[in-house]
Amino acid sequence: MIRIKDQKQNDLFDPWSFLSPKRRELLDQSWAGLFKKELLCELPVGEVAPFFNDDFGRPTKELYTVLGALVLQQAHDLTDEETVNQLSFNIQWHYALNITEESDSAKYMCPKTLWNMRSIVVDNALDAVLFDHTTDKLSKVFKVNTDNQRIDSVHIKSNMRRLGRIGIFTSSINKFLVNLKRGHEALFDTVDKGIIDKYLSEKSLQCFSMVKPSESAKTLASVSADLFDLVQQFKDHLEIKTMHSYKLLERVLNEQCNVNVSDDKNPVEVKKPKEIPSDSLQNPSDPDATYSGHKGQGYQVQVMETYCKQEEAREGTLNLITHVQVDPAHESDANALIPAIESTRQRNLSPEELLADSIYGSDENCQEAEQLGVEVVAPTMGSKKESSISLSDFEVTEKGTIVSCPQGHKPIRTKKKKIRHTVAFDSQQCINCPNQNTCPVKQGKKHHYLRYTDKEMRLSKRRAYEQTDEFKDRYRWRSGSEATMSEYDRRTGVKHLRVRGLKAVRFCATLKAIGVNIFRATAVRKAVSCDHTAHGSSLCGQMHAIYVIKEHLLMAWSQLRKFFNLFIRSYGHMTITTA
């Protein structure tokens with residue numbers, strides 16, 4: 001049965017009245033107060049409810065409490081046991097999740113229930129729904145300006161051991177033998193005893209970690225031959241072929257070895273390291289993890305966030321993470337730009353100007369982003385030779401047609417065929433030109449010719465623009481993304497996760513990004529509140545000063561009036577009265 005508490009229904013009596021004013025104020029100003037007031041109602045309990053029956057089975061835990069606990073667990077980087085303890089005893093959690101009862105059904109959740117609920121969210125990609133709902137709400141509450149944004153990636157690792165090539169072979173064989181013995185004992189008995197003694201027990205596997213570098217090639221050839229024998233032995237058994245561990249054996253064999261079945265003496269040859277693809281298996285315990293030549297094994301997270309250019313408004317402005325995407329480590333950052341723009345565009349959070357590294361700023365990405373209404377500000381790949389003349393040194397019209405060369409000579413004729421341009425110059429002028437050795441104009445049969453494409457012209461203009469102060473002033477804000485990545489890891493521990501597999505890693509990274517947004521929003525709200533308090537204190541001080549001056553003036557006038565009345569009465573001429 002489904003249990004959902006109506007979070008929009010007000011209480012007849014304040015359930016938090018037992019708190020002293022100072023403690024209540026601290027709760028309201030903390031992340032717990034922000035979560036309770038703004039985000040709790042936005043949790044997508046409607047997406048989780050269909051996985052339970054309305055009128056059958058034991059009552060579920062209250063769904064707002066469950067989803068909130070999952071978010072807070074990742075935001076604070078807690079284990080399941082720590083999460084259960086926080087939910088049971090931490091008043092900040094109770095306040096954030098609006099838990100007003102003292103029963104076990106309200107404040108206690110067993111680790112198994114937490115695990116089951118997390119599995120539902122992970123398997124159905126509800127972490128993305130959670131991120132979208134909370135991000136959209138924060139953008140509205142804090143009136144976030146999304147015109148200026150920046151994107152970058154961070155490398156993260158799942159809970160797996162770093163293995164070398166020998167370790168990948170031996171671990172895959174060990175995993176297969178364990179599963180084979182567990183599910184098909186009769187077939188397990190047909191395996192060569194030498195292979196079982198070498199790979200099945202943990203003690204026997206330890207010997208492979210002590211292989212000398214001089215013997216690594218020989219050991220690698222031996223373990224690859226054993227793996228090949230296992231694959232060949234069970235290739236005709238349909239039940240074995242469907243086993244996950246057997247598929248891993250086949251994957252390792254295809255990625256790490258060249259197989260020649262016709263060669264009876266040496267059917268397996270280990271590939272050279274350079275021939276192994278970057279998306280190869282890194283550890284049998286996490287088949288989704290891949291390899292990046294720049295950062296190593298694991299995954300990468302694409303993070304896009306807003307930023308503020310105005311110095312005076314920065315403290316009261318929320319830098320909001322608007323997009324999070326988890327990919328295997330071998331994926332190029334260039335493939336992440338357009339999906340990020342399209343994702344934010346669907347939620348009305350797309351930028352007008354997007355800062356990125358050079359790998360994001362390929363000409364294709366810039367052109368496609370321009371069609372989506374986004375200007376990508378990024379350096380071009382490669383560099384210009386300082387001593388050579390580039391296309392940007394020629395005088396060009398808005399349509400991309402060259403009018404004259406750097407020496408001021410006009411072309412004889414220009415020709416365009418699809419995306420290619422051909423510009424002909426007078427050979428007599430080019431031969432006598434002092435820059436002919438560094439000029440891209442080359443001698444032809446009748447004239448000297450300059451040939452270029454639209455893409456080359458665009459890149460040349462971008463390289464020239466990169467040298468201007470305007471570009472440097474715009475692009476300097478991109479460095480702030482490094483601070484975001486540091487905060488992302490320091491606050492939530494995203495770089496070293498407790499899970500394995502792409503789905504679980506995506507879940508953790510996405511909810512940890514929600515946590516960063518919550519902590520940032522709390523800091524912004526506190527800063528704005530302090531400004532208002534300071535302004536109010538200053539105004540109160542001014543009003544108090546005016547009041548004191550007024551009182552002193554009235555007292556002085558009262559004394560003066562008494563003196564004059566006494567003086568006049570003494571002489572009996574007149575009496576002074578006041579309104």
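Just the heavy atoms: all of them, side chains too, but no hydrogens, waters or symmetry mates, feed the values below.
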Can you list, pair by pair, the side-chain donor-acceptor contacts under 3.5 Å of residues 493-503, counting residues two or more places apart and other chains?
| residue | atom | partner | partner atom | Å |
| --- | --- | --- | --- | --- |
| Arg498 | NH1 | Asp77 | OD1 | 2.9 |
| Arg500 | NE | Asn159 | O | 2.5 |
| Arg500 | NH2 | Asn159 | O | 3.2 |

Closest non-hydrogen atoms of Ser172 and Val252, given as atom of the first, atom of the second and distance, are OG-CG2, 3.6 Å

Asp104: salt bridge (Lys or Arg N to Asp or Glu O under 4.0 Å) partners, not counting sequence neighbours:
none

Show your reasoning for whether side chain to side chain contact (heavy atoms under 4.5 Å, CB included) applies to Met304 and Ile321.
CA-CA 6 Å; Met304 189 160 77; Ile321 296 178; over 6 Å; no

So how far is it from Arg118 CZ to Gln73 CD, rounded to the nearest 0.5 Å?
5.0 Å

If we only count heavy atoms from C-beta on, is the Cys508 to Val505 side-chain gap below 4.5 Å?
no

Does Lys455 form a salt bridge (charged side-chain N to carboxylate O under 4.0 Å, His left out) with Glu364? I'd like the steps, not just the answer.
CA-CA 9 Å; Lys455 178 180 178 180; Glu364 293 77 9; 3.1 Å; yes

Under the side chain to side chain donor-acceptor pair (under 3.5 Å) test, which residues partner Thr522, sequence neighbours left out?
none

Listed partners of Arg506 passing salt bridge (Lys or Arg N to Asp or Glu O under 4.0 Å), at least two apart
Asp127

Among all residues two or more places apart in sequence or in another chain, which pass the salt bridge (Lys or Arg N to Asp or Glu O under 4.0 Å) test with Glu375?
Arg474

Closest heavy-atom pair and its distance - Ser280, Arg251:
C-NH2, 3.6 Å

Step through the shown structure and confirm whether more than 12 heavy atoms of other residues, nucleotides or ligands are within 6.0 Å of CG on Asp6.
yes

State which residue, out of Thr510, Ile514, Thr135, fulfils the side chain to side chain contact (heavy atoms under 4.5 Å, CB included) condition with Leu130.
Ile514

State whether the side chain of Asn174 and the backbone N or O of Thr170 hold a donor-acceptor pair below 3.5 Å, judged by distance alone.
no

Taken to the nearest 0.5 Å, the spacing of Gln346 CD from Thr344 OG1 works out to 8.5 Å

Please step through side chain to side chain contact (heavy atoms under 4.5 Å, CB included) for the pair Leu70 and Leu114, ending with a clear verdict.
CA-CA 8 Å; Leu70 291 177; Leu114 185 66; 3.7 Å; yes

Taking 4.0 angstrom as the limit, do Asp14 and Arg24 come out as a salt bridge?
yes

Are there over 12 heavy-atom neighbours, none belonging to Arg162, within less than 6.0 Å of that residue's CZ?
no

Can you measure from CD (Gln325) to CD (Gln300) and round to the nearest 0.5 angstrom?
9.0 Å

Side chain to side chain donor-acceptor pair (under 3.5 Å) partners of Gln7, counting only residues at least two apart
Asn98

Looking at Lys61, I want to see if its NZ is surrounded by more than 12 non-hydrogen atoms of other residues, nucleotides or ligands under 6.0 Å.
yes

Identify the heavy atoms of Arg462 and Cys366 that sit nearest to each other, and give their distance.
NH1-SG, 3.5 Å

Do Arg525 and Gln29 get their side chains close enough for a donor-acceptor pair, meaning under 3.5 Å?
no

Check salt bridge (Lys or Arg N to Asp or Glu O under 4.0 Å) between Glu482 and all other residues, then give those that pass, not counting sequence neighbours.
Arg478

Partners passing side chain to side chain donor-acceptor pair (under 3.5 Å) against Thr65 (at least two apart in sequence or in another chain)
Glu62

Compare all side-chain heavy atoms of Phe507 with those of Gln74 and state whether any distance is below 4.5 angstrom.
yes

How many angstroms lie between atom CG of Leu72 and atom CG of Leu97, to the nearest 0.5 angstrom?
5.5 Å

Specify the closest pair of heavy atoms between Gly515 and Ala75, including all atoms of both residues, with the distance to one decimal.
CA-CB, 3.6 Å

For Gln367 and Asn365, which I'm curious about, is there any donor-acceptor pair between the side chains at under 3.5 Å?
no

Please check if any side-chain donor atom of Ser103 sits under 3.5 Å from a side-chain acceptor atom of Glu101, or the reverse.
yes

Residue pair Thr306, Asp147: steps toward the side chain to side chain contact (heavy atoms under 4.5 Å, CB included) verdict:
CA-CA 8 Å; Thr306 64; Asp147 292 345; over 6 Å; no

Can you list the steps and then say if Asn283 with Ile168 is a side chain to side chain contact (heavy atoms under 4.5 Å, CB included)?
CA-CA 6 Å; Asn283 193 314; Ile168 294 173; over 6 Å; no

Closest approach of Ala369 and Ile338, non-hydrogen atoms and distance?
N-CD1, 3.9 Å

How about Phe519 and His76: are their ring centres within less than 6.0 Å of each other?
yes

Between Thr290 and His330, is any side-chain donor less than 3.5 angstrom from a side-chain acceptor?
yes

With distance as the sole criterion, is a donor-acceptor pair present between the side chains of Thr484 and Arg520 under 3.5 Å?
yes

Cationic N near anionic O, under 4.0 Å, Arg150 to Glu305:
yes

Let me see the working for Asn85 and Tyr108 under side-chain hydrogen bond (donor to acceptor under 3.5 Å, both in side chains), right down to the final yes or no.
CA-CA 8 Å; Asn85 290 334; Tyr108 174 76; over 6 Å; no

Which residues share a side chain to side chain donor-acceptor pair (under 3.5 Å) with Asp333, sequence neighbours left out:
Ser153, Gln302

Here the ring-ring contact (aromatic ring centres under 6.0 Å, His included) pairs for residues 3-23, sequence neighbours left out, are Trp16-Tyr95

When rounded to the nearest 0.5 angstrom, what is the spacing between OG1 in Thr83 and CG in Leu78?
4.5 Å

From Ser350 OG over to Ile341 CD1, what is the distance, rounded to the nearest 0.5 angstrom?
8.5 Å

Inspect the contact between Lys461 and Glu466 and indicate whether a charged nitrogen and a carboxylate oxygen are less than 4.0 angstrom apart.
no

Nearest heavy-atom contact between Ser139 and Leu349 is OG-CD2, 3.8 Å

Kindly write out the residues that satisfy ring-ring contact (aromatic ring centres under 6.0 Å, His included) with Phe471, not counting sequence neighbours, or none if the list is empty.
Tyr465, Tyr475

Taking only Lys NZ, Arg NE, NH1 and NH2, and the carboxylate oxygens of Asp or Glu, determine whether Lys241 and Glu250 approach each other closer than 4.0 Å.
no

If only atom types and distance count, is the side chain of Glu82 paired as donor or acceptor with the main-chain N or O of Thr79 below 3.5 Å?
yes

For residues 30-51, run the donor-acceptor check on the side chains, cut-off 3.5 Å, and write out each pair with its distance to 0.1 Å, sequence neighbours left out.
| residue | atom | partner | partner atom | Å |
| --- | --- | --- | --- | --- |
| Ser30 | OG | Leu27 | O | 2.8 |
| Ser30 | OG | Ala32 | N | 3.3 |

Is there a side-chain contact between Cys308 and Asn148 (heavy atoms, below 4.5 Å)?
no

For the residue pair Thr322 and Gln149, establish whether any side-chain heavy-atom pair is separated by less than 4.5 Å.
yes

